[in-house]
Amino acid sequence: MQELITALRSAKRIAIVAHIRPDGDAAGSVISLAHVLKQLGAETAAVLKDGVPSAFLFLEGSGDVVRELPSDYDLCVVVDAPDTARTGFPQEIKAYAAAGKLALIDHHIKGDLIKRTDKVLYDENASSTAELITLLIQELNLKLTPAVSTALLTGMYTDTGGFQYGNTTNQTLEFASELMRRGGRLDRIVHQMSRQRSVAGLKLLGIALSRLTLTPDKLGAVTLISLEDLRSSNATAEDATGLVNSLNVLPEVSYCLLLSELEPGVVRGTLRTAEGRTYDVARLAALCGGGGHPRAAGFAISGRLVASESGWRIEPALVS
C-alpha cells in the first residue's frame with residue numbers, strides 16, 4: 001500500500017476509473033475517491049465509460065463523472081476492476097502502465113492489472129472495493145465527509161446484499177458503522193435500492209422467472225433475457241441490473257446463472273452462489289473466459305440468444 005500512498009500524495013492530477021456497466025461499488029468507489037483526494041490538493045477526474053446508473057445519481061458528485069479517460073494525468077487509479085479490458089479503456093490503461101502511472105484498488109480475483117503496477121491496494125477477502133478505499137482514507141488521514149461516507153456505504157451495501165451475504169465481515173460492519181457516524185446516509189441508500197426497479201425491470205424479472213429451469217445435476221438454476229425481451233418490454237440494459245439477485249432465492253440449488261443479451265452480438269453470463277452454499281461460481285465463469293469471486297462472477301461471449309423448438313441456444317453473432 002505504501003507505493004500507492006506515495007503516488008497519491010505526489011500526483012497533482014489523478015484520474016479514477018472503474019469497470020464498464022458499473023454497479024454500486026464501482027460508482028461509489030469512483031465518486032468517493034475522486035472527491036476525497038481533492039483534500040490532497042489534487043485535481044481529480046471520476047470516469048465511468050457507461051456513466052452513472054440512474055439508481056446512483058443521488059450520490060453527491062455523480063454529476064461530475066465523465067465518460068472519457070484523460071490520457072495526460074499524473075496518475076490513473078483503476079478501482080473495482082481486475083482486468084484492463086473491463087475498464088472500457090484498454091489502450092489508455094496500458095499507456096498509463098507503460099509510463100509507470102497506473103495504480104490499482106480492487107478485491108476481485110487477480111487479473112492482468114495487478115501485474116502492470118506496484119501501486120496496489122488489493123484484498124480478495126474484502127467485501128468491496130469501497131471497504132478498501134475506506135481503509136486507504138484512514139491511512140491517508142483524510143476527512144470522511146457525509147458525501148464521501150454515503151458513496152462508500154453505497155459500495156459496501158450493494159456488494160454485500162445489504163450486509164446479508166457471507167462476504168460481510170466484522171471489519172465491514174465496523175467500517176459501515178464508522179461511515180454512518182461520519183454522516184453516511186444508509187436510510188437513503190436503502191430507499192434508493194428498494195425503489196430502483198422500473199416497470200420495465202419488473203417485466204424483465206417476470207420473463208426471467210417464467211424461464212427459470214434447473215440444470216440436469218440440480219445444482220444450478222438458469223434463465224435468460226434476450227435482446228427481443230428488452231425491446232418488447234421497452235427496457236434498457238440498466239433495467240436488467242440486479243436481476244440475478246432477485247432470482248437467486250431457491251434454497252435447493254447452489255448457484256444461479258442469468259444469460260442476458262443486452263447489446264447486439266454479446267451474451268453475458270452473471271453467476272451468483274446461493275446463500276449458505278460454498279459453490280465456486282468463479283470457476284464456472286473462468287471456463288467461459290470470465291472471472292470474479294467464488295460467490296459472484298461473470299463472463300461475456302460473442303453470440304446471440306436464439307429460441308428454437310428444442311429450446312434456447314447461443315449462436316455466433318451475425319457479421320454485418
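- With 3.5 Å as the limit, one finds a donor-acceptor pair spanning the side chains of Arg116 and Thr84.
- The side chain to side chain contact (heavy atoms under 4.5 Å, CB included) test with Ile225 singles out one residue from Leu259, Leu305, Leu243, and that residue is Leu243.
- Test Leu204, Val199, Leu205 against Asp239 for side chain to side chain contact (heavy atoms under 4.5 Å, CB included) and you get one pass: Leu204.
- Judged by distance alone, the side chain of Glu139 and the main-chain N or O of Ile5 form no donor-acceptor pair under 3.5 Å.
- For Asp50 (side chain) and Arg21 (main-chain N/O), a donor-acceptor pair under 3.5 Å exists by modelled atom type.
- A heavy-atom distance below 4.5 Å is found between the side chains of Leu257 and Phe299.
- In terms of heavy atoms, Ala200 sits closest to Ala235 at CB-CB, 3.6 Å.
- Taken to the nearest 0.5 Å, the OG1 atom of Thr134 stands 4.5 Å off from the CG atom of Leu179.
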- Task: For Arg304 and Glu315, run salt bridge (Lys or Arg N to Asp or Glu O under 4.0 Å): C-alpha distance rounded to whole Å, both residues' side-chain angles, the deciding distance at 0.1 Å, then the answer.
- Result: CA-CA 5 Å; Arg304 60 193 186 109; Glu315 289 187 351; 3.3 Å; yes

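- When the shell of 6.0 Å around CZ of Arg13 is examined, it contains more than 12 heavy atoms from other residues, nucleotides or ligands.
- Side-chain atoms of Thr154 do not come within 3.5 Å of backbone N or O of Gly28 as any donor-acceptor pair.
- The distance from the CG atom of Leu40 to the NZ atom of Lys12 is 9.5 Å, given to the nearest 0.5 Å.
- For the atom pair CG (Leu284) and CG (Leu271), the distance works out to 6.0 Å, reported to the nearest 0.5 Å.
- Not a single donor-acceptor pair under 3.5 Å links the side chain of Ser233 to the backbone N or O of Leu230.
- Side-chain N or O atoms of Asp25 include one that pairs as donor or acceptor with a backbone N or O of Ala130 at under 3.5 Å.
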- side chain to side chain contact (heavy atoms under 4.5 Å, CB included) assessment of Glu60 paired with Thr145: CA-CA 11 Å; Glu60 186 176 332; Thr145 65; over 6 Å; no

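- Side chains of Leu69 and Cys76 form a contact here, defined as non-hydrogen atoms less than 4.5 Å apart.
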- side chain to side chain contact (heavy atoms under 4.5 Å, CB included) between Val78 and Asp106: does it pass, once the steps are laid out? CA-CA 8 Å; Val78 177; Asp106 192 32; over 6 Å; no

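- At distances below 3.5 Å, not a single donor-acceptor pair connects side-chain atoms of Ser260 with backbone N or O atoms of Leu262.
- A donor-acceptor contact shorter than 3.5 Å is absent between the side chain of Ser177 and the backbone of Glu174.
- Using a 4.5 Å heavy-atom threshold, the side chains of Val17 and Glu92 count as separate.
- Put simply, the side chain of Asn167 gets close to the backbone of Asp159: a donor and an acceptor are under 3.5 Å apart.
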- Item | Pair Asp229-Arg211, salt bridge (Lys or Arg N to Asp or Glu O under 4.0 Å): steps then yes or no | CA-CA 12 Å; Asp229 295 327; Arg211 294 179 181 150; 2.5 Å; yes

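- Side-chain atoms of Phe175 and Leu152, non-hydrogen and from C-beta on, never get closer than 4.5 Å to each other.
- Looking only at distances, a side-chain donor or acceptor of Lys119 sits under 3.5 Å from a matching main-chain atom of Gly100.
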- How far apart are the C-alpha atoms of Glu124 and Lys110, what are their side-chain angles, what is the distance that settles it, and do they pass the salt bridge (Lys or Arg N to Asp or Glu O under 4.0 Å) test? CA-CA 8 Å; Glu124 188 178 319; Lys110 295 177 181 177; over 6 Å; no

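- Formation of a donor-acceptor pair under 3.5 Å by the Tyr255 side chain with backbone atoms of Val222 is not found in this model.
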